[in-house]
Protein chains: 2
Amino acid sequence: MTGHATTQSQPTTSYEAAAAQREARFLEALQAAGLRLTAQRRAICHYLARTDAHPTAQQIYEALKPQFPSLSLTTVYNTLDVLVRLGLVYALGGAGDRAVHYETNTEPHINLACLVCHRVIDLPMPEVGAWRSRVAEASGFKILGARLVYYGVCPECQRQNPADDNPPSE
Amino acid sequence: MTGHATTQSQPTTSYEAAAAQREARFLEALQAAGLRLTAQRRAICHYLARTDAHPTAQQIYEALKPQFPSLSLTTVYNTLDVLVRLGLVYALGGAGDRAVHYETNTEPHINLACLVCHRVIDLPMPEVGAWRSRVAEASGFKILGARLVYYGVCPECQRQNPADDNPPSE
DNA sequence: CTCCAAACTTGGAATGATTCTAAAGTATTT
DNA sequence: AAATACTTTAGAATCATTCCAAGTTTGGAG
Ligand SMILES: [Mn+2]
Ligand SMILES: [Mn+2]
Ligand SMILES: [Zn+2]
Ligand SMILES: [Zn+2]
């Protein structure tokens, strides 16, 4: 949408277009699953469609609370559960903190979790695309999501703790 | 060891030989890290070197408790932390239960976690071997472990709950 | 061999993310 | 409008994991 394409679609616009599309996919899937599109669910999908930060339930809650004071953390958990069960969002597990980080980027990639600063970044990796179906076929599993994560210490944190050779474990 | 090789090493023997070798690697690494080889750590390494079941801390504790009544769950956690920090064991995260499952198989493979029965099985995948270093190089991360997991429903659990389309999420 | 300090283990208490529950709110259907 | 089916919400309950203080064990110095 908004595809003026004067010379090239502006970064901002193209980003928002992609986000909107992703959000629409979420909402359609919820609807298709027979669920209602409540304001809470919309807000959460809106947020998820626009982050690449692998947030925790708590982070989503805090981000939305100001604009949506009645929102409850339980609803965030419930909605994430639904989205994970529909395979729209992946549950990645902890990153040094004890909270589950969620992932909305279903493009083939590997995640890198820093056990020190608890950030998770993406590393594109097209080869990964082939695995899912291969794994499903080879195992007979009904696959709902993936957790493709390498964990360790990011470059920044390595610089800040050159001596410390003992970061937390999970 | 025990390499009689009458005609071929017996399955049992070869399995035990591999396990013993893996255990030795654990113990050597602990020692190399300047840590003491206590009876508790030995017991835990012995157990880990011989399972392919991706156990939780609690499961390890319960398995060892009868033979080692004084063992404490805290020690199991502490030892797992050490092993994870040394990169000898990987922390895989939950499998439908809320507990972290640990992994001792450092051969390149993908894990499949069943969200219903909470079992995790291995799927060999040699290609995976190349990533770790590739990922490290591309990102600058110091990598300590991996969590290469697809989660869903195993064939057995699919059979038992044919109708149920809604397994738990994490 | 004896003694000391450092390294370890242990049981119990504390933490805190996630789950559960019951009550109240909202949409949908009759 | 009333009944019904879904949802949200606040607060309590869980329970895996972490923290802590105290008691043990270990390796080495003397
Ligand atoms: Mn990602
Ligand atoms: Mn495995
Ligand atoms: Zn970091
Ligand atoms: Zn199963």
Side-chain angles (χ1 to χ4, degrees), chain A residues 27 30-45 54-62 64-65 67-86 89 91-102 113 115 118 166-170, chain B residues 27 30-45 54-62 64-65 67-86 89 91-102 113 115 118 120 151 166-170:
Chain A
L27 297 176
L30 287 177
Q31 211 158 31
L35 298 170
R36 291 179 185 162
L37 266 46
T38 63
Q40 292 86 334
R41 285 175 180 159
R42 282 174 188 285
I44 293 167
C45 289
H54 309 84
T56 65
Q58 182 74 212
Q59 289 168 341
I60 297 170
Y61 172 71
E62 280 165 12
L64 263 32
K65 190 77 177 172
Q67 312 301 319
F68 202 145
S70 87
L71 183 66
S72 89
L73 183 53
T74 301
T75 294
V76 176
Y77 275 110
N78 288 339
T79 302
L80 285 170
D81 273 4
V82 170
L83 292 172
V84 168
R85 275 203 282 258
L86 293 175
V89 161
L92 287 186
D97 46 10
R98 320 172 197 186
V100 173
H101 288 248
Y102 293 87
L115 299 178
H118 309 158
N166 286 36
S169 63
E170 156 79 11
Chain B
L27 297 175
L30 287 176
Q31 211 159 31
L35 298 171
R36 291 178 185 167
L37 266 45
T38 64
Q40 293 85 335
R41 285 174 181 163
R42 283 174 188 284
I44 293 167
C45 289
H54 308 83
T56 65
Q58 181 78 101
Q59 290 169 341
I60 298 170
Y61 173 72
E62 281 165 11
L64 263 32
K65 190 78 177 171
Q67 311 301 320
F68 201 142
S70 87
L71 183 66
S72 89
L73 184 53
T74 301
T75 294
V76 176
Y77 276 109
N78 288 338
T79 302
L80 284 170
D81 273 5
V82 170
L83 292 172
V84 168
R85 273 202 283 259
L86 293 176
V89 161
L92 288 186
D97 46 9
R98 322 175 196 181
V100 173
H101 289 248
Y102 293 86
L115 299 178
H118 310 158
V120 181
Y151 50 87
N166 284 38
S169 63
E170 155 79 12

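- In this structure, the CD atom of A/Gln31 is 15 Å from the P atom of C/dA27, given to the nearest Å.
- Atom pair A/Tyr77:OH and D/dG11:P shows a separation of 17 Å (rounding to whole Å applied).
- The CZ-P distance, from A/Arg42 to C/dT26, rounds to 16 Å in whole Å.
- Positionally, the nearest nucleotide of DNA chain D for B/His101 lies more toward the 5' end than for the other of B/Arg36 and B/His101.
- Atom C1' of nucleotide C/dT18 and atom CD of A/Gln59 are separated by 15 Å, given to the nearest angstrom.
- Each of D/dT7, C/dT18, D/dT9 was ranked by its minimum atom distance to the side chain of A/Asn78; first place goes to D/dT9.
- Closest to the side chain of A/Leu73, from the set C/dT18, D/dT7, C/dC8, is C/dT18.
- The side chain of B/Arg41 places an N or O atom within less than 4.0 Å of a non-bridging phosphate oxygen (OP1 or OP2) of C/dC8.
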- request: Please lay out, stage by stage, how A/Val84 and A/Tyr102 fare under the test side chain to side chain contact (heavy atoms under 4.5 Å, CB included).
  value: CA-CA 9 Å; A/Val84 168; A/Tyr102 293 87; 3.9 Å; yes
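- The CZ-P distance, from B/Phe68 to C/dG11, rounds to 11 Å in whole Å.
- For the pair B/Thr74 and B/Ala99, both in contact range of DNA chain D, the more 5′-proximal nearest nucleotide belongs to B/Ala99.
- For B/Gln58 and D/dT17, the shortest distance from a side-chain N or O to OP1 or OP2 is not below 4.0 Å.
- Protein atom CG of B/Leu37 is 21 Å distant from nucleotide atom P of C/dA6, rounded to whole Å.
- Among the nucleotides D/dT18, C/dT19, C/dG11, the one closest to the side chain of B/Ser72 is C/dG11.
- Nucleotide C/dT9 holds its C1' atom 14 Å from the CG atom of B/Leu64, rounded to whole Å.
- Within the structure, a side-chain polar atom (N or O) of B/Thr75 is placed less than 4.0 Å from OP1 or OP2 of C/dT10.
- Between the A/His101 side chain and the A/His54 main chain, a donor and an acceptor come within less than 3.5 Å of each other.
- Judged by distance alone, with hydrogens and angles left aside, the side-chain atoms of A/Asp97 form a donor-acceptor pair with the main-chain N or O of A/Ala95 at under 3.5 Å.
- As rounded to whole Å, 16 Å separates atom P of D/dA5 from atom CG of A/Leu35.
- The phosphate of D/dA16 (OP1 or OP2) has no side-chain N or O of B/Thr56 nearer than 4.0 angstrom.
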message: If you apply the rule side chain to side chain contact (heavy atoms under 4.5 Å, CB included), what do you find for A/Arg42 with A/Leu27, and how did you get there?
response: CA-CA 7 Å; A/Arg42 282 174 188 285; A/Leu27 297 176; 4.0 Å; yes
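- A distance-only check finds a donor-acceptor pair linking the side chain of B/Gln59 to the backbone of B/Thr56 [under 3.5 Å].
- Between D/dT9 and A/Ser70, a contact under 4.0 Å exists linking OP1 or OP2 to a side-chain N or O.
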